[in-house]
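All remarks here apply to the structure that follows.
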Amino acid sequence: MTKVHCVKVCELTLTPIIAVVDDDLSICNALAELLEVFDVKCQIFDRPEKILAAHTRGRFDCLITDLNMKGMSGLELQEKLSAADPDLPIIFMSAQLAPEAKARALRLGAVAFLNKPISDDVLHGHIISALNRRSMDKPDDLPREP
Amino acid sequence: MESVDYPTQGGQPPTQAAIGQVAYWQFNVTRARALLESMDAACPGRDQEWQPDRLDMLLSAVRILDVNDEAIRLFGLPADRDKVLDRPIASLWPEQSRAALGDLLTTVAASAHKGTVAREIPTVGRLQHVVLTGWKAFDPRCADTVFVSVRATLNAPNAVIELEASQKRYRNMISSLPIPVWQIDARPAGRIFDRLRANGITDMASYSDEHPEIVKLACDIVQVFDVNKEAMVLFGGKHRSEFIGSVKYLFSTTPGATKRVMLAHFSGVRNHVEELKVRTFDGRLLDVLLLMTFPVPGERLDTTILMMIDNTARLEAEAKLRKIEADFSHAARLSTLGEMTTSIAHEIKQPLSAILMNAQTSLRYLRRAEPNLGKVDILTSRVVESAQRAGDIIGRIQDMAGKREATSTLLDFNDVIRQCVVFLRHESEDKGVVITTKLQQDLPAVRGDRIQLQQVIVNLIVNSIQAMKKAPHVHRDIYLETRLDVNARVVFSIRDTGTGIPVDHLDQIFDGFFTTKEGGLGIGLAICQSIIKAHGGEIAAANRPEGGAMFGFSIPTTAMGQLQSAQSLGTFPERQDDIVPRII
């Protein structure tokens, strides 16, 4: 038990990468700064299409996405990424109360569905659990990003 | 001027008739003295034959000292008394009775006693039983002053009846007019004006600025002498006597009214019209239209007619109507906003989220053992930016939600549309609608109310967005276009790819309370129409042949005046068919 816990800590120190998707650049930037203070690396995308183009299996350790975006909703993004990377933990953010979307997202395996504005501590907790899940699920044969 | 005070100065003056109906003259015979004495000596008898030359010489030497109003009226003298004074009587006395006047003056001059001398002339024109009565001034210091009174009756009984009937008709007409009428004697002010003119005053406006007391004086001395029943009812007075006297009570509630009326009188215009506020005797405040008709020479100068038309009820009704329109317009805006609450909440939450996250991150940096102030600086600047953005969004919503009076300013029409698109950005993105604009550059300015025009455009866009709910996502398009038509009106058009307008609704969609939306008030488009009409424009709706609806309106621009003058010169072809908005 104690040994396993140590492994997790080691994984975190490898500075996992989180993808942030929001078509509002001010939210992207704010999240990037918050993740930086959490000592987490991140890459921001202001269009959902851009992450689809950049994504490869195992490239990101977690995805934080907005629900309502131009061109594609967070749910559509979840569907597409799950097909390519079924284990990718996803945290949803929404400025709207969307109970149906929330239920659907969680049913499809989302780690959390947070309503904006978001508390940093709550987000931190979900990121930790998402990364833990990723580290546990991560198959050994997959190459890590440099 | 010497005062005319006949009865006390003149021995036994005639007193039996009403003073107002007897014409009085006051003469100075100093220069005629020699002639009078020589004639007296030559022809002491009465009813002498006059040589025309002698009579002319005599009457040319007799100067007028004063006349009363009845003399002015009866003899048709110039209305301006000052033009009569000090003139020889020769040119002003009627031909038929010149000999009688000559006799009278000669006899009065010759008589040693202070009694009266009378001459009767059977007829002079339409007058009958003309009696001239003359007497010397009682005061020996005015030995050369002679008074002459003239009384007469009209010669034909028919004429008397006619005159009386005419006077009665006039009185009846005034008293039974269904309009409040005041009859005013403005002659005292007229006399002051005449004297000022004689002293070279032509600019009464600046004179009265320098001498404000003249306004007060004119107001005090101009008197109401009669009112009709309507006037008494309007002012809530019980007795006619309350209305008689200075005109002050008519003008005191409206600042500047007395002066404007006085200037009108001075300028010699026939009519003066203005809107007044008057305080009635029972304390009500009324909005009235004042109509004054000043008499011109040839008419009875003692009667200025003043009428009032009560506009209070109409103005109140108009104010109520404006308020109802504003309320409806406000309700329509709130209704539109209500339909957008989801996207409004979304729009405001975005900057708030960014603010919260940046502030939380800042705190984390500040609470470190070694605070990273560089980071805090960057993050705080971003907080400021996002807070301003949130403030702007709320400001736009307040503009739409607030109750306000319409204003009229010069507007960049394209700018008005751009702001609407910003306002609806989230709503349209939320519904997957793409808004494309094609705005003609360099449109002339339009005059109007920004919020009202935005209300119309936002309303039309929201309607289009809603009409496309059922359309497939890829086909949700709205095209906004502006252009200038040949009549220099800006034309706005909106086309969508929605379900279109049911054909049987086309005629009614601008009617109030016509709605197909559940819970809709049905006032949106009716308000749009009334706003566009208030801007001097027109709005129309149609279905596009390829599907979807189109709405368009056109409103005048500031360039229209120039265009119209150009058109009248024949530079532009005459075209009227483009006034109604054409939607492509």
Side-chain angles (χ1 to χ4, degrees), chain A residues 18 20-40 42 44 46-49 64-76 91-102 112-128, chain B residues 340-393 421 424-435 473-474 476:
Chain A
I18 294 179
V20 172
V21 188
D22 196 312
D23 57 357
D24 188 325
L25 201 59
S26 68
I27 301 273
C28 282
N29 289 331
L31 256 178
E33 295 290 345
L34 187 60
L35 293 176
E36 192 185 326
V37 87
F38 287 162
D39 284 326
V40 183
C42 81
I44 57 175
D46 61 358
R47 302 286 302 243
E49 295 87 352
I64 302 176
T65 181
D66 190 24
L67 178 67
N68 286 293
M69 289 178 289
K70 263 180 275 186
M72 191 186 296
S73 78
L75 288 174
E76 285 174 77
I91 297 170
F92 276 88
M93 307 178 291
S94 172
Q96 282 157 331
L97 295 176
E100 284 168 30
K102 181 175 184 173
F113 192 103
L114 307 175
N115 285 317
K116 289 179 183 174
I118 295 162
S119 150
D120 55 346
D121 287 329
V122 172
L123 182 65
H124 191 240
H126 285 300
I127 288 172
I128 296 293
Chain B
M340 291 166 52
T341 41
T342 321
S343 69
I344 288 170
H346 183 233
E347 207 183 347
I348 296 175
K349 271 187 184 172
Q350 290 292 83
L352 280 184
S353 302
I355 289 169
L356 186 66
M357 262 188 264
N358 283 321
Q360 287 169 338
T361 310
S362 297
L363 282 176
R364 280 172 189 269
Y365 277 119
L366 284 171
R367 283 168 188 165
R368 279 183 174 179
E370 284 179 42
N372 186 339
L373 294 182
K375 274 286 184 190
V376 172
D377 188 298
I378 296 168
L379 292 168
T380 309
S381 313
R382 290 187 186 165
V383 166
V384 170
E385 244 170 62
S386 295
Q388 277 168 345
R389 189 176 134 200
D392 290 346
I393 295 164
V421 175
L424 289 165
R425 194 169 57 92
H426 270 82
E427 177 72 11
S428 55
E429 282 169 4
D430 205 40
K431 302 282 162 35
V433 174
V434 178
I435 299 180
H473 256 264
V474 282
R476 294 184 182 179

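These numbers come from a predicted model, not from an experiment. We name chains A, B, ... by the order of the sequence lines, and we start the count at 1 in each one.
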Winner by heavy-atom pair count (cut-off under 4.5 Å) against chain A, out of R364(B), E385(B), E347(B): R364(B)
Which heavy atom of I118(A) sits nearest a heavy atom of Q360(B), and at what distance? O-OE1, 3.4 Å
Heavy-atom pair of closest approach, residues K349(B) and K116(A): CD-O, 3.5 Å
Heavy-atom side-chain contact between M93(A) and S353(B) under 4.5 Å: no
For the residue pair D24(A) and R389(B), establish whether any side-chain heavy-atom pair is separated by less than 4.5 Å. yes
For H126(A), give me all partners under ring pair (Phe, Tyr, Trp, His ring centres under 6.0 Å), at least two apart in sequence or on another chain. none
Checking Y365(B) now: which residues fulfil ring pair (Phe, Tyr, Trp, His ring centres under 6.0 Å) with it, not counting sequence neighbours? none
Contacting moiety of D22(A), where chain B heavy atoms sit under 4.5 Å: side chain
Side chain / backbone / both / neither for L123(A) at chain B, heavy atoms under 4.5 Å: neither
Just verifying a value: how many Å separate H346(B) NE2 and D66(A) CG, rounded to the nearest 0.5 Å? 5.5 Å
Name the region of E429(B), side chain, backbone, both or neither, that has any atom closer than 4.5 Å to a heavy atom of chain A. side chain
Honestly, the part of I355(B) sitting under 4.5 Å from a heavy atom of chain A is neither
Please name the residue in the list N29(A), D120(A), L34(A) that meets the side chain to side chain contact (heavy atoms under 4.5 Å, CB included) test with M357(B). L34(A)
